[in-house]
Amino acid sequence: MTSSSEQPDKGQAPAGRPGGDLFYVPVGWLIFVMAWSVYGLASAWWLVGNSGLPDKIFYYLVGGLVANVITILWGLYLLGLAFGRSGRFPHHFTIWQIATIVWVLARQAYVLTVPEFVFSARSLGITAIEIGIGLLCIYLLRPGSGAGIYARPQTEAPPVFVSIIAALLGIILGAIIGALVGFFAGSVIADVAEVSCFEGGCGYFAAFIGLAGLVVGAIAGGILAVWLVHRRRRKPVA
């Protein structure tokens, strides 16, 4: 037995909970933002062929879709670093989070200055929450914070290009499988629950479950693909 005054070697946290559970908050936030981005892409199908929107609103929506794509791809790379416990994760996450905050501020400024949009206190509140959580994550991963769970300097992550390709394949395959499974599950649930098919009600229900399955499958597939690549291709630094 050791006395309570003894500290772990070199001031490191115990192996069971290195750095504390709060260091997992940035990863959880990253996954949430990615999932919201996937949902935004999946729910924007109505924009295809829609020419009735004012130009300023249409460009705003298209810009949001582009931002969602970048968020998903960039986020998958960050998740690969996080799952590999790479020491580069805090720095790369901070860059991503700062870029995200800048985008959120620019988006909100655009909404407030374009007359086609209506002022919404709810929108301002959501923006403030997004920025607040982002700043908290940056603070948790700041230099010298002791985020020991992200420290494997003896290994090197696979190239970014490899991670992106794996992420795209994982997203596509996961989305297809998730949509099929979700639609099938929705059809079964609609039959069991005797959802009314009046005006296509049961079909809409199954489609909604399929959309949810698509979002979950895309995120899960992308995460799994990046994790596998970083797990198998990680090599010692020469």
Side-chain angles (χ1 to χ4, degrees), residues 7-8 10-43 60 63-113 119-153 157 160 163-164 167 171 215-216 218-220 222-224 226-227 230:
Q7 300 294 329
K10 300 181 181 180
Q12 294 179 352
R17 296 176 61 186
D21 292 339
L22 284 178
F23 292 125
Y24 293 103
V25 172
V27 177
W29 173 242
L30 176 62
I31 293 175
F32 174 81
V33 173
M34 291 171 58
W36 192 253
S37 297
V38 172
Y39 175 77
L41 289 176
S43 59
Y60 169 82
L65 295 180
V66 173
N68 287 338
V69 172
I70 295 175
T71 296
I72 293 168
L73 296 180
W74 198 349
L76 287 170
Y77 173 69
L78 292 175
L79 284 180
L81 295 178
F83 292 157
R85 302 291 178 88
S86 172
R88 296 185 296 171
F89 173 75
H91 176 68
H92 285 266
F93 177 89
T94 299
I95 295 175
W96 169 83
Q97 185 60 77
I98 292 175
T100 300
I101 290 176
V102 171
W103 159 250
V104 169
L105 289 173
R107 181 187 65 193
Q108 189 61 50
Y110 184 85
V111 170
L112 292 176
T113 55
F119 173 80
S120 171
R122 177 175 175 270
S123 176
L124 284 177
I126 293 176
T127 298
I129 292 174
E130 289 183 76
I131 295 175
I133 296 177
L135 292 176
L136 172 62
C137 292
I138 291 175
Y139 175 78
L140 291 175
L141 296 179
R142 70 193 185 281
S145 62
I149 58 175
Y150 308 115
R152 281 190 179 179
V160 177
S163 298
I164 292 177
I171 288 174
V215 173
V216 174
I219 288 293
I223 292 175
L224 178 61
V226 173
W227 178 77
H230 279 253

Closest approach of Cys137 and Phe93, non-hydrogen atoms and distance?
CB-CE2, 3.5 Å
Any heavy-atom pair between the side chains of Phe89 and Val27 that's under 4.5 Å?
yes
Check the orientation of Phe32 and Trp29. Use parallel for under 30°, tilted for 30 to 60°, and perpendicular for over 60°.
parallel
Nearest-0.5 Å distance that lies between atom CD1 in Ile131 and atom CD1 in Ile133
11.0 Å
To the closest 0.5 Å, what do you measure between CG (Asn68) and CG (Leu73)?
11.0 Å
Find the distance between CG (Leu30) and CD (Gln97) and round it off to the nearest 0.5 Å.
9.0 Å
Give, for atom CG of Leu112 and atom OG of Ser123, the distance between the pair rounded to the nearest 0.5 Å.
7.5 Å
So how far is it from Leu135 CG to Ile98 CD1, rounded to the nearest 0.5 Å?
9.0 Å
Could you report the tightest heavy-atom contact between Leu65 and Gly40, atom names first, then the distance?
CD2-O, 4.0 Å
Side-chain heavy atoms of Tyr110 within contact of Arg107, under 4.5 Å
no
Is it true that Tyr77 and Trp74 have ring centroids separated by less than 6.0 Å?
no
Do Glu130 and Gln108 come within less than 4.5 Å of each other through their side chains, counting heavy atoms only?
no
The reported gap from CH2 in Trp36 to CD1 in Ile72 (rounded to nearest 0.5 angstrom) is 13.0 Å
